[in-house]
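Remarks on the structure that follows.
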Amino acid sequence: MTVMVLLPLGLAALALLVWWVLQRRAGLLRAVRPGEATVQGVTLGAQRTLVQFSSAACSPCRQAVRVFTQALAGADGVVHVELDAAEHLDQVRRLGVVRTPTTFVLDAAGRTIGRISGVPTPEQAATAGGLR
Amino acid sequence: MTDAEAQPARGIDPRGPRVGAGITAVLLAVVLALGPGTTATVLLAVIAALFAVGSVRGAQGSVQGLVFRSLVRPRLAPPAELEDPRPPRFAQTVGLVITGVGVLLAVVWTPVAAIVAAALAFVAAFLNAAVGFCLGCELYLLIRRVLPAR
């Protein structure tokens, strides 16, 4: 039994390590490959459009909406749109969305210039909105 | 999603599910420490039953939720904000599936299955309690892609 007690401790340490590594990637604005599929069916902002795919059972999605709303407050021409992933499964599959929230950053012409997986920091949200 | 859909009927204290996950993680750690055997399988079955209660009544209605409300919350300041109860409730269902399958396989196949299931559930519960990681949130979309809503 003594050896087995180490099992939950080891798992806890390993889990924290993996989580920490993944967490560093969250919120980062990742440039897209040329020719990556575009997001369709949204009304574009004058300068940038942030399209966030969310799910019903998704606490991080609510957090991301709050972060984006605060970061983009008063920014003319930058629009944040939230789409229910379950209602847009065709786009979800085409764009390779595997988790929510995933937010696509579109330029004025509607071209995808980046994507953010997870909840961004206020600074990352402002960068996505082209505000810094 | 419309604003009407996004607004929960009532919010819950977001610390409740995390404290509940911590209690569950401790129980699962005991299962792991026991090693494969009847005692571990029985304890895992008890944990699965707790998840079943939470799946039906939501995390706030689970036994762990009751412990939080009666023992922990009175000692805390009111929550800064409330959260939608649906994601924690879905997480209870995920826990039920993992532990339920573990108990089933332990009975019909090998007791080691209960340890494997407990390990998976422990990692999810521990991360939820420690850092607020939401495994259910990660799985929800993947499941939806395979099983569109009726």
Side-chain angles (χ1 to χ4, degrees), chain A residues 1-24 26 51-67 69-70 80-102 117-119, chain B residues 1-3 5-8 11 14 17 25-37 39-40 81 83-91 93-94 115 118-149:
Chain A
M1 180 164 167
T2 324
V3 175
M4 295 304 290
V5 168
L6 294 177
L7 183 56
L9 292 175
L11 280 176
L14 186 62
L16 280 178
L17 180 64
V18 171
W19 175 84
W20 181 77
V21 169
L22 292 178
Q23 193 62 10
R24 300 188 67 210
V51 184
Q52 175 180 330
F53 284 90
S54 300
S55 293
C58 173
S59 314
C61 297
R62 307 287 93 77
Q63 293 171 21
V65 169
R66 278 199 298 274
V67 173
T69 304
Q70 286 179 2
H80 175 267
V81 177
E82 195 179 11
L83 296 181
D84 186 348
E87 291 177 10
H88 300 270
L89 286 177
D90 52 338
Q91 291 215 56
V92 161
R93 294 192 181 99
R94 188 169 48 82
L95 296 165
V97 177
V98 294
R99 58 189 295 244
T100 54
T102 297
S117 185
V119 183
Chain B
M1 287 183 291
T2 64
D3 281 345
E5 279 179 26
Q7 204 67 9
V26 170
L27 294 176
L28 289 162
V30 172
V31 173
L32 294 175
L34 286 172
T39 319
E81 55 188 6
E83 77 166 342
D84 186 341
R86 288 174 298 172
R89 182 175 171 187
F90 180 72
T93 308
V94 172
I115 301 303
L120 293 173
F122 171 76
V123 169
F126 170 76
L127 284 178
N128 185 236
V131 299
F133 170 75
C134 173
L135 175 66
C137 303
E138 304 291 322
L139 291 179
Y140 186 80
L141 178 60
L142 293 176
I143 294 173
R144 269 282 156 266
R145 285 175 66 159
V146 176
L147 300 170

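Numbered from 1 within each chain, the chains take letters A, B, ... in sequence-line order. The basis for the numbers below is simple: all heavy atoms, side chains too, and nothing from hydrogens, waters or symmetry mates.
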Bottom line for A:L14: the part with an atom under 4.5 Å from chain B's heavy atoms is neither
Under 4.5 Å to a heavy atom of chain B? For A:V97 that would be both
Legend entry - Flag, side chain of B:N128 to backbone of B:C134, donor-acceptor distance under 3.5 Å: no
Heaviest contributor of heavy-atom pairs below 4.5 Å to chain A, chosen from B:A29, B:P87, B:A91, is B:P87
Heaviest contributor of heavy-atom pairs below 4.5 Å to chain A, chosen from B:V123, B:V131, B:V31, is B:V131
With sequence neighbours left out, the residues meeting salt bridge (charged side-chain N to carboxylate O under 4.0 Å, His left out) with B:R89 are none
Determine, stepwise, if the pair A:R94 / A:Q91 fulfils side chain to side chain donor-acceptor pair (under 3.5 Å).
CA-CA 5 Å; A:R94 188 169 48 82; A:Q91 291 215 56; 3.1 Å; yes
request  = Would you indicate whether the side-chain heavy atoms of B:L127 and B:L135 approach each other to under 4.5 Å?
outcome  = no
Looking only at A:V98, A:L16, A:V18, A:V92, most heavy-atom pairs under 4.5 Å shared with chain B are made by A:V98
Sequence neighbours excluded, the answer for side chain to side chain contact (heavy atoms under 4.5 Å, CB included) partners of B:P14 is B:P79, B:E83
When the 4.5 angstrom heavy-atom criterion is applied to B:L28 and chain A, the contacting part is neither
